[in-house]
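Along the sequence shown, residues carry numbers from 1.
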Amino acid sequence: PAAMGLPALALLLVAGLLHTQASPLARSFQLDYEEDCFRKDGAPFRYISGSIHYARVPRPSWRDRLLKMYMSGLSAVQVYVPWNYHEPLPGLYDFAGDRDLEAFLDLTAELGLLVILRPGPYICAEWEMGGLPAWLLWKPDIVLRSSDPAYLAAVDSWLHVLLPKIKPRLYQHGGNIISVQVENEYGSYYACDHGYLQHLLGSFRALLGSEVVLFTTDSTRAEELRCGTLQGLYATIDFGPGSNVTEAFGAQRQVEPKGPLVNSEYYTGWLDYWGEAHASTSSAQVAQGLEDMLQLGASVNMQVSPFLQLPSLSWPGADFKDQYKPVTTSYDYDAPLSEAGDPTEKLFSIRTIISKFQPLPVGPMPPATPKYAYGWVALQKYANLLDVLDVLCPSGPIQSQFPLTFEAIKQAHGFMVYRTQLPRDVLDPATLEAHPHSICDRGYVMLQKEYQGTLERDGQRELHVTGRAGDTLDVLLENMGRINFGANISDFKGLLGNLSLDSSPLSNWLIYPLAIDTAIRQGWPHTALPKSSRGGRAGPAFYTGTFETPGIAWDTFVKFPGWSKVRWCVARREAGGWRGAQLSPLSIFQGQLWINGFNLGRYWPRRGPQQTLFVPGSVLHIGRPNNITVLELEWSPATPLLLFLDRPLFNRTLSRSTKATE
């Protein structure tokens with residue numbers, strides 16, 4: 001350097017500065033409308049991607065799942081961001097622990113995976129309310145997914161928190177996010193509000209810049225593509241195996257005559273509803289459809305790895321197809337990677353197809369996670385739910401002349417108790433009736449703390465009761481998941497209308513919003529003093545038990561043997577004669593399970609198809625007892641037992657005419 005002349009040194013410095021400034025610009029991901037492809041760093045590019053929902057996978061399992069996706073030959077992963085998962089209350093944000101989105105994105109980059117980000121604000125994903133926060137419904141007349149100023153204000157506030165976390169991770173800025181979806185399947189929504197999409201486009205551009213590829217996704221139906229697309233957002237489509245690939249992409253060409261062919265959601269499985277058969281899709285059909293698309297040069301994202309509902313709190317959604325259809329706890333919809341992260345035959349079929357079009361990573365596929373059958377665990381009844389309202393609702397009840405919804409009381413999830421009194425003697429059976437669409441979603445009815453039966457959305461709406469004036473009537477209302485798709489996502493919960501007794505409306509209610517998850521996370525009831533409670537088996541009650549692991553904490557599956565066979569009716573002797581609990585033969589034995597404070601979701605073996613709940617090893621303890629808490633909502637077996645297995649179980653559709661004694 002000492003011998004170098006000043007002009008030469010200056011030239012080198014300028015060249016180095018120019019190189020430093022040019023390096024980020026050399027990274028580019030763009031649409032090429034001339035060659036009908038993507039271009040990555042100037043070269044033609046197409047991605048083969050799989051979806052993973054970080055919010056449904058415990059953080060200790062993130063690396064395992066992502067590595068298996070990488071070793072499958074995928075070049076990218078598609079990632080949903082559920083708004084309600086990160087902003088549970090207005091202005092209260094949570095990006096810690098399992099919710100650490102930035103840590104998850106950094107891990108994808110570390111493992112060499114590109115990211116297609118789907119930040120919504122609406123995502124569907126069979127997730128509660130499609131990812132929209134329930135607190136939006138605190139304004140009852142809000143119009144979701146529209147230009148409603150109240151909705152846009154909330155969206156803008158959220159995007160100003162989320163998207164600045166995303167911008168540094170865009171491919172153009174040295175990160176691995178190559179494209180970002182705006183909204184999701186908007187064409188299927190009734191509003192068809194292009195002003196709303198235009199507003200989102202402006203917000204995303206302002207916060208992410210002009211270079212990032214922004215896109216939409218809709219079905220192949222012409223009407224949905226008309227309502228769901230917008231100039232400035234690249235239009236992609238979704239369809240599943242069995243579709244005519246040429247015709248499907250022909251629909252995309254109607255709205256995007258030039259540019260890459262993209263299937264943003266290729267369905268490798270399908271969702272399960274409570275009470276219906278476990279969905280399955282053949283590996284051969286999935287593989288053939290994938291090969292057909294890749295032969296056309298298309299970019300494809302597969303629903304490769306939907307796993308479990310996150311153990312710390314379940315967020316399953318629901319559909320509305322002529323009736324309310326809640327989805328199961330498990331998100332293992334016959335996926336190529338199971339909810340336990342196990343490679344399946346379907347995954348290897350997909351991997352074989354990918355190998356025909358691009359080299360696979362060197363090395364073996366990581367093995368299935370180890371499982372352990374911890375065996376039988378006996379449970380003991382701790383307390384009837386109505387006997388512990390002081391613990392579950394420490395602030396006390398809210399008084400109201402008429403019932404209030406969950407949203408009116410600002411309760412997002414879980415359960416509320418509605419309490420009133422019989423206004424008169426009812427010596428002959430009287431009809432306790434709920435008006436149509438007023439039970440959202442299931443109501444467990446008790447009179448003088450004795451279980452009477454269950455009222456259900458789009459199901460049983462009346463029971464027959466007897467009692468005395470002043471007798472206490474309690475209805476435990478359960479939110480089974482807000483609708484996540486279609487026009488009905490403004491899905492209010494609780495008692496949406498009054499109950500009537502022989503057509504006379506009941507009034508003067510006490511309403512208890514229950515914080516069951518909070519209490520159990522804090523150690524209740526295992527850290528509480530023993531509770532003296534009635535010993536009956538009917539009605540909502542808590543059961544507890546413990547088990548220890550043999551020096552390991554491996555994944556497992558819990559089954560509820562003996563919690564699925566009952567008689568049609570159980571009667572009890574009282575002073576006034578026999579009174580029968582009016583029980584639905586398809587409803588008996590169902591509730592929720594917690595282990596070590598983690599909510600593992602709903603069990604409902606009688607209705608099915610899901611027969612087991614997945615328990616990730618990361619929630620288990622080694623060297624100390626694992627605490628089990630069960631909230632049984634209707635009827636417990638004489639000997640309540642759990643059985644821990646090393647595999648999951650599903651069953652076929654249970655006919656509604658199936659006899660309860662089978």
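Closest non-hydrogen pair, Asp332 versus Ser330, comes out as N-OG, 3.1 Å. Scanning all heavy atoms of the two residues, the minimum distance from Phe348 to Pro343 falls at CE1-CB, 3.8 Å. Here the closest heavy-atom approach between residue Tyr47 and residue Asn301 is recorded as CE1-N, 4.4 Å. Considering every non-hydrogen atom in both Val262 and Gln252, the closest pair reads N-OE1, 3.2 Å. The nearest pair of heavy atoms linking Ile489 to Ile483 is CG2-O, 3.4 Å. Smallest separation of non-hydrogen atoms from Pro133 and Asn84: CA-CB, 3.6 Å.
By the 4.5 Å heavy-atom criterion applied to side chains, Arg39 and Ser28 are not counted as neighbours. Asp36 has its side chain out of reach of Leu261: every pair of non-hydrogen atoms, C-beta onward, lies at least 4.5 Å apart. Thr369 places a side-chain heavy atom less than 4.5 Å from the side chain of Arg65. In this structure, Leu620 and Phe547 have side chains that are in contact, with non-hydrogen atoms separated by less than 4.5 Å. Side-chain atoms of Ile595 and Asn627, non-hydrogen and from C-beta on, never get closer than 4.5 Å to each other. Side-chain contact check for Gln288 versus Asp292: some heavy-atom pair is nearer than 4.5 Å. Side-chain atoms of Leu290 and Met302, non-hydrogen and from C-beta on, do get closer than 4.5 Å to each other.
A search for ring pair (Phe, Tyr, Trp, His ring centres under 6.0 Å) contacts involving Phe215 returns nothing, not counting sequence neighbours. In this structure, the side chain to side chain donor-acceptor pair (under 3.5 Å) partners of Trp594, at least two apart in sequence or on a different chain, are Asp517. Scored by the disulfide (SG to SG under 2.5 Å) test, Cys227 finds Cys192 as partners (sequence neighbours excluded). Annotation: side chain to side chain donor-acceptor pair (under 3.5 Å) contacts of Glu224 (sequence neighbours excluded): Ser219, Arg221. For Arg118, the side chain to side chain donor-acceptor pair (under 3.5 Å) partners two or more places apart in sequence, or in a different chain, are Gln78, Tyr80, Gln181, Asn184, Glu265. Every residue two or more places apart in sequence or in another chain that forms a salt bridge (charged side-chain N to carboxylate O under 4.0 Å, His left out) with Asp491 is listed here: Arg457, Lys493. Every ring pair (Phe, Tyr, Trp, His ring centres under 6.0 Å) that Phe557 has, sequence neighbours left out, goes to Phe614. Not counting sequence neighbours, Tyr234 has no partner by the ring pair (Phe, Tyr, Trp, His ring centres under 6.0 Å) test. For Asn244, there are no side chain to side chain donor-acceptor pair (under 3.5 Å) partners two or more places apart in sequence or in a different chain.
Glu345 CD: 12 or fewer foreign heavy atoms inside a 6.0 Å radius.
Pairs engaging residues 346-356 under the side-chain hydrogen bond (donor to acceptor under 3.5 Å, both in side chains) rule: Glu291-Lys356, Asp334-Lys346 [sequence neighbours left out]. Residue pairs that meet the salt bridge (Lys or Arg N to Asp or Glu O under 4.0 Å) test with at least one member in residues 367-377, sequence neighbours left out, are Asp342-Lys371. Pairs passing the salt bridge (Lys or Arg N to Asp or Glu O under 4.0 Å) check and including a residue from residues 169-186, sequence neighbours excluded, read Glu102-Arg169, Asp106-Arg169, Arg145-Glu183.
Not a single donor-acceptor pair under 3.5 Å links the side chain of Asn484 to the backbone N or O of Cys124. Judged by distance alone, the side chain of Asp218 and the main-chain N or O of Gly187 form a donor-acceptor pair under 3.5 Å. Formation of a donor-acceptor pair under 3.5 Å by the Thr556 side chain with backbone atoms of Ala373 is not found in this model. Judged purely by atom type and a 3.5 angstrom limit, Arg606 has no side-chain atom pairing as donor or acceptor with the backbone of Gln590. The backbone N or O of Leu649 lies less than 3.5 Å from no partner atom in the side chain of Gln611, so there is not a single donor-acceptor pair. A distance-only check finds a donor-acceptor pair linking the side chain of Asp94 to the backbone of Ala96 [under 3.5 Å]. Judged purely by atom type and a 3.5 angstrom limit, Tyr603 has no side-chain atom pairing as donor or acceptor with the backbone of Lys559. Side chain of Thr217 to main chain of Ile237: no donor-acceptor pair is present (N/O by atom type, distance under 3.5 Å, no hydrogens or angles). Using modelled atom types, one side-chain atom of Glu128 and one backbone atom of Arg482 make a donor-acceptor pair closer than 3.5 Å. A donor-acceptor pair is defined here as one N or O able to donate and one able to accept, closer than 3.5 Å; no such pair exists between the side chain of Arg521 and the backbone of Asn599.
Ring orientation note: the planes of Tyr189 and Tyr186 are tilted relative to one another, at an angle of 30° to 60°. Between Trp604 and Trp274, the two ring planes are tilted [angle within 30° to 60°].
In summary, of the residues considered (Asp64, Leu337, Leu111), a side-chain contact (heavy atoms from CB on, under 4.5 Å) with Met69 occurs for Leu337 alone. Among Leu593, Leu600, Val377, the one residue that satisfies the side-chain contact (heavy atoms from CB on, under 4.5 Å) test with Val558 is Leu593.
A donor and an acceptor atom, one from each side chain of Asp100 and Tyr54, are nowhere located under 3.5 Å apart. Of the N and O atoms on the side chains of Trp554 and Asp646, not one donor lies less than 3.5 Å from an acceptor on the other residue.
Once rounded to the nearest 0.5 Å, the distance linking CG of Leu163 with CG of Leu208 reads 4.5 Å.
Taking the ring axis of Phe95 as reference, the NZ or CZ atom of Lys165 stays within 45° of it and closer than 6.0 Å to the ring centre.
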Worksheet item: Would Phe204 and Ile166 satisfy side-chain contact (heavy atoms from CB on, under 4.5 Å), going step by step from the backbone distance to the final call?
Response: CA-CA 11 Å; Phe204 275 69; Ile166 303 308; over 6 Å; no
